[in-house]
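No experiment lies behind these values; they were computed from the predicted model shown.
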Amino acid sequence: MPKRKSEHCNPDLFCYVCGAFVILSNRININARTSEAYLEYFGFPIANQEKNWVPHVTCKNCNRIFSERRRDPNRKFDFAIPMIWKEPNPTNHELDCYFCQTDTVGHNSKTLKNIIYPTNTSSTRPKQRPEREELAHEESSDQSSSNTAAADPEYEHDESGPLLVNQDRLNNLIRDLDLPEDKALLLSSRLREWRLLTSDTI
């Protein structure tokens with residue numbers, strides 16, 4: 001496992017799959033079985049495990065879902081796209097590092113829900129499954145939904161369903177993951193199956 005810069009910037013305190021902070025007793029090292037299950041479910045591989053800027057562990061909950069899927073293929077994650085990791089900007093590390101920006105000091109199993117996770121260019125939070133987004137959409141105000149759609153031209157907003165990924169967004173995701181053509185096609189197929197692509201996305 002690669003060396004870390006310091007204990008204050010420790011990717012291995014977080015789950016590679018969902019991005020959540022994980023207490024010590026719930027951390028499980030990524031192994032071959034985890035990698036196979038991840039690829040089978042999401043359609044692209046776990047990446048950059050030789051790097052020191054990505055987690056090398058999963059949380060017990062994500063690991064349990066992978067295990068349960070061996071018995072029940074219908075078992076699903078709450079999200080369709082997992083956490084996506086990119087290397088933080090080296091010239092602005094502290095402001096672009098997901099781990100540096102997440103305050104985990106003093107938290108335990110009872111306070112995990114209170115942790116606030118950052119939004120930056122080195123990480124993309126998991127994208128919920130369509131049915132979850134529909135529920136969240138129903139609970140939000142019409143004004144808030146309109147502002148979100150107007151602020152992000154990469155999405156096509158269908159008022160009756162989730163925000164959909166267009167061609168530019170898909171291309172960026174494939175490039176960020178450095179996927180070969182066969183894996184890119186598999187990812188596109190999965191997103192279409194989950195109704196997360198716009199109608200004009202190939």
Side-chain angles (χ1 to χ4, degrees), residues 1-2 4-30 34 38 41-42 44 46-49 51-66 76-141 144-145 147-149 151-152 154-155 162-163 165 169 172-173 176-177 191 194 196:
M1 189 176 296
R4 297 187 293 267
K5 292 185 177 182
S6 74
E7 290 303 314
H8 298 289
C9 181
N10 188 349
D12 293 332
L13 301 181
F14 299 80
C15 176
Y16 181 95
V17 182
C18 68
F21 172 69
V22 190
I23 60 174
L24 179 60
S25 60
N26 288 341
R27 293 175 207 153
I28 300 175
N29 290 332
I30 293 173
T34 308
Y38 183 99
Y41 187 83
F42 294 112
F44 49 86
I46 288 177
N48 297 308
Q49 285 297 284
K51 306 294 186 181
N52 65 358
W53 44 264
V54 297
H56 305 88
V57 301
T58 67
C59 65
K60 185 176 291 185
N61 183 60
C62 287
N63 190 74
R64 181 174 62 248
I65 293 175
F66 282 136
K76 293 181 173 62
F77 285 86
D78 290 342
F79 43 85
I81 299 177
M83 194 77 183
I84 302 298
W85 305 98
K86 292 192 293 185
E87 183 175 12
N89 184 340
T91 63
N92 198 20
H93 179 88
E94 290 188 2
L95 294 180
D96 195 40
C97 177
Y98 182 86
F99 316 111
C100 291
Q101 287 193 309
T102 304
D103 182 9
T104 62
V105 177
H107 283 286
N108 54 45
S109 59
K110 296 181 180 180
T111 63
L112 293 179
K113 64 179 181 299
N114 297 327
I115 294 177
I116 299 174
Y117 296 97
T119 300
N120 53 36
T121 61
S122 68
S123 60
T124 303
R125 297 286 298 165
K127 183 170 178 57
Q128 292 181 321
R129 299 188 62 79
E131 56 268 26
R132 296 264 175 176
E133 286 202 353
E134 288 172 6
L135 179 60
H137 175 72
E138 291 172 0
E139 293 176 347
S140 65
S141 68
S144 175
S145 298
N147 290 342
T148 300
D152 191 348
E154 292 184 327
Y155 287 108
L163 297 176
V165 180
R169 187 75 171 185
N172 289 339
L173 178 60
D176 290 343
L177 294 169
L191 294 178
W194 292 330
L196 290 173

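Residues N172 and R169 have side chains that never bring a donor and an acceptor to within less than 3.5 angstrom of each other.
Here the closest heavy-atom approach between residue K60 and residue I28 is recorded as CA-CD1, 3.9 Å. Across G106 and T111, no two heavy atoms sit closer than the pair O-OG1, 4.5 Å. The two residues V17 and P126 come nearest to each other via the heavy atoms O-CG, 4.3 Å. Shown here for T102 and I116, the closest heavy-atom pair between the two residues is CG2-O, 4.1 Å. Taking each heavy atom of C15 and W85 in turn, the nearest pair found is O-CZ2, 3.6 Å. Of all heavy-atom pairs between P88 and W53, the closest is CD-CB, 3.8 Å.
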I'd like to know whether V54 forms a side-chain contact (heavy atoms from CB on, under 4.5 Å) with Q49, so could you lay out the CA-CA distance, the side-chain angles of the two residues, the decisive distance to 0.1 Å, and finally the verdict. CA-CA 7 Å; V54 297; Q49 285 297 284; 3.8 Å; yes
Check step by step if side-chain contact (heavy atoms from CB on, under 4.5 Å) holds for H107 and N114. CA-CA 9 Å; H107 283 286; N114 297 327; 4.2 Å; yes
Between I30 and Y38, is a side-chain contact (heavy atoms from CB on, under 4.5 Å) present by the stated rule, with each step listed? CA-CA 10 Å; I30 293 173; Y38 183 99; over 6 Å; no
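Atoms CD and OG, on E87 and S123 in that order, are 13.5 Å from each other to the nearest 0.5 Å. Taken from CG in N48 to CG in L177, the straight-line distance is 9.0 Å, to the nearest 0.5 Å. Between the NE2 atom of H56 and the CZ atom of F14 there is a distance of 14.0 Å, given to the nearest 0.5 Å. Remark: N92 CG to C97 SG distance equals 11.0 Å, nearest 0.5 Å.
Contact check for L173 versus I81: side-chain heavy atoms found under the 4.5 Å cut-off. Proximity of T34 to N63: side-chain heavy atoms (C-beta onward) are separated by under 4.5 Å at one or more points. Here the side chains of F99 and S122 are not in contact, with every heavy-atom distance at 4.5 Å or above. The shortest distance between side-chain heavy atoms of I46 and Y16 falls below 4.5 Å. K76 places none of its side-chain heavy atoms less than 4.5 Å from the side chain of I65. Looking at H93 and C9, their side chains come closer than 4.5 Å, going by heavy atoms from C-beta outward.
Classified by interplanar angle (parallel below 30°, tilted 30° to 60°, perpendicular above 60°), the ring pair Y117/Y98 is parallel.
Residue pairs that meet the salt bridge (Lys or Arg N to Asp or Glu O under 4.0 Å) test with at least one member in residues 88-103, sequence neighbours left out, do not exist here.
The side-chain contact (heavy atoms from CB on, under 4.5 Å) search around I23 returns F21, S25, N26, S109, L112, not counting sequence neighbours.
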